[in-house]
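Have a look at this one before I ask anything.
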Amino acid sequence: MEFKLVNLKQVKDYQDWLHQLGHLMTKEPDLQNELIQQLVGREQVGSTIIDPGIMMPHIINENLFDHVVIVSHLQTSLKLADQNVTTAVILLMRTIDAQIDSFMKALISDDHLQRLKDPTIQLVQIKAMFRQE
């Protein structure tokens, strides 16, 4: 599982947020577009907000080389599903397996959610939270 962390200053909307993160999802432009469209489609099915201020858009795509987790913080909140969101934990899964199951169980901990919302969190701290060092 690959973890990435990014802080963004200006985002117009959810799609812009995803496009700004596209290069972190994969280096392949066609796959980037496919992943972005899947994430947008997932959000249209139902809100991915898992706690006030934090969302977890997630998809499965077998074209991925490995699972990718991107933690993204916004300097200014974005209005989604009538809530202000400043943090996204984007989960790109190659498939569902024991590693993903373990990650998801750890993620729902209130302590983990609060720590992930902190814009000063470091990548090494995120990896340690999920025993990925």
Side-chain angles (χ1 to χ4, degrees):
M1 185 175 299
E2 187 176 356
F3 286 86
K4 299 176 181 189
L5 174 65
V6 64
N7 292 306
L8 300 174
K9 292 183 183 193
Q10 294 185 340
V11 171
K12 292 183 281 187
D13 56 27
Y14 180 61
Q15 281 192 331
D16 183 42
W17 194 352
L18 294 176
H19 281 283
Q20 288 191 43
L21 300 176
H23 69 283
L24 296 175
M25 296 179 195
T26 179
K27 301 285 187 226
E28 300 173 38
D30 288 342
L31 185 53
Q32 276 182 29
N33 290 331
E34 183 179 329
L35 295 171
I36 289 168
Q37 290 311 310
Q38 276 187 274
L39 287 163
V40 168
R42 169 58 189 92
E43 193 65 28
Q44 290 172 346
V45 169
S47 175
T48 59
I49 296 173
I50 59 173
D51 200 59
I54 189 169
M55 66 187 306
M56 189 183 72
H58 53 285
I59 56 165
I60 296 173
N61 188 306
E62 293 179 358
N63 294 320
L64 291 164
F65 177 72
D66 194 6
H67 305 303
V68 179
V69 177
I70 302 170
V71 177
S72 174
H73 294 105
L74 298 179
Q75 189 173 38
T76 305
S77 66
L78 186 67
K79 192 90 161 167
L80 289 168
D82 294 327
Q83 293 193 39
N84 292 321
V85 176
T86 56
T87 304
V89 179
I90 299 170
L91 181 55
L92 309 173
M93 301 171 284
R94 189 170 190 285
T95 183
I96 299 222
D97 59 23
Q99 185 180 27
I100 287 295
D101 189 50
S102 173
F103 173 80
M104 298 291 278
K105 286 178 183 172
L107 180 63
I108 61 172
S109 140
D110 284 340
D111 180 53
H112 280 41
L113 288 174
Q114 294 311 311
R115 290 174 59 201
L116 287 169
K117 286 185 207 180
D118 180 356
T120 65
I121 195 168
Q122 299 294 310
L123 187 58
V124 67
Q125 294 170 304
I126 293 170
K127 289 179 179 181
M129 285 170 58
F130 300 104
R131 295 175 180 81
Q132 294 293 313
E133 294 189 303

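It should be emphasised that the depicted structure is a prediction, and the values quoted were computed from it without experimental measurement. All residue numbers refer to positions in the sequence shown, counting from 1.
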Legend entry - Joint cluster assignment, Phe65 & Ile60, ILVMFWY side-chain distance < 4.5 Å: no
Legend entry - Gln122 side chain vs Thr120 backbone, donor-acceptor pair below 3.5 Å: yes
Legend entry - Pairs satisfying ring pair (Phe, Tyr, Trp, His ring centres under 6.0 Å), at least one member in residues 29-61, at least two apart: none
Inset, instruction - Drop me the distance from Ile36's CD1 to Trp17's CH2, to the nearest 0.5 angstrom. - result: 13.5 Å
Inset, instruction - Supply the atom-to-atom distance Leu8 CG to Thr76 OG1, rounded to the nearest 0.5 angstrom. - result: 11.0 Å
Inset, instruction - Decide whether Ile100 and Ile50 are clustered together by the hydrophobic rule: side chain heavy atoms of Ile, Leu, Val, Met, Phe, Trp, Tyr closer than 4.5 Å, transitively. - result: yes
Inset, instruction - Mark yes when over 12 heavy atoms from residues, nucleotides or ligands other than Lys9 sit less than 6.0 Å from its NZ; otherwise mark no. - result: no
Inset, instruction - Say whether Val11 and Ile54 are linked into one hydrophobic cluster, either directly or through other cluster members, by side-chain heavy-atom distances under 4.5 angstrom. - result: no
Legend entry - CD1-CG distance between Ile70 and Leu21, expressed to the nearest 0.5 angstrom: 5.5 Å
Inset, instruction - Give every residue pair that meets the side chain to side chain donor-acceptor pair (under 3.5 Å) criterion with at least one member in residues 36-47, sequence neighbours excluded. - result: Gln38-Asn61, Glu43-Thr48
Inset, instruction - Just do the side-chain contact (heavy atoms from CB on, under 4.5 Å) check on Leu116 and Leu107 with the steps written out, would you? - result: CA-CA 9 Å; Leu116 287 169; Leu107 180 63; 3.3 Å; yes
Inset, instruction - Check step by step if side-chain contact (heavy atoms from CB on, under 4.5 Å) holds for His67 and Phe103. - result: CA-CA 11 Å; His67 305 303; Phe103 173 80; over 6 Å; no
Inset, instruction - Could you name each residue pair satisfying salt bridge (Lys or Arg N to Asp or Glu O under 4.0 Å) that touches residues 14-29, not counting sequence neighbours? - result: none
Legend entry - Tyr14 to Leu80 - nearest heavy-atom pair and separation: CB-CD2, 3.8 Å
Legend entry - Pairs touching residues 110-129 that satisfy ring pair (Phe, Tyr, Trp, His ring centres under 6.0 Å), sequence neighbours left out: His112-Phe130
Inset, instruction - Quick one: which residue pairs count as a salt bridge (Lys or Arg N to Asp or Glu O under 4.0 Å) with a foot in residues 103-119, not counting sequence neighbours? - result: Asp51-Lys117, Asp101-Lys105, Asp111-Arg115
Legend entry - Rounded distance [0.5 Å steps], CD in Gln10 versus CG in Leu78: 12.5 Å
Legend entry - Set of side chain to side chain contact (heavy atoms under 4.5 Å, CB included) partners for Gln15, sequence neighbours left out: Asp13, His19, Val40
Inset, instruction - Check whether Leu24 and Ile121 end up in the same hydrophobic cluster, where Ile, Leu, Val, Met, Phe, Trp and Tyr are linked by side-chain heavy atoms less than 4.5 Å apart. - result: no
Legend entry - Any residue meeting side chain to side chain contact (heavy atoms under 4.5 Å, CB included) with Ile108, in chain and number order, not counting sequence neighbours: none
Legend entry - Shared hydrophobic cluster for Val6 and Ile126 (ILVMFWY, side-chain gaps under 4.5 Å): no
Legend entry - Gap between atom CG of Leu5 and atom OG of Ser72 - 0.5 Å precision: 8.5 Å
Atom pairs and distances, side-chain donor-acceptor, residues 83-96, under 3.5 Å, sequence neighbours left out:
{"residue": "Arg94", "atom": "NE", "partner": "Leu64", "partner atom": "O", "Å": "2.7"}

Inset, instruction - Could you list the residues that satisfy side chain to side chain contact (heavy atoms under 4.5 Å, CB included) with Ser102, not counting sequence neighbours? - result: none
Inset, instruction - Report the distance from atom CD of Gln20 to atom NZ of Lys12, rounding to the nearest 0.5 Å. - result: 8.5 Å
Inset, instruction - Check Leu18 against Met25 and note the closest heavy-atom contact, atom names and distance. - result: O-CE, 3.7 Å
Inset, instruction - Verify side-chain contact (heavy atoms from CB on, under 4.5 Å) between Leu123 and Phe3, making sure each step is shown before the conclusion. - result: CA-CA 7 Å; Leu123 187 58; Phe3 286 86; 3.9 Å; yes
Legend entry - Sequence-distant partners of His23, side chain to side chain contact (heavy atoms under 4.5 Å, CB included), two or more places apart: Gln32
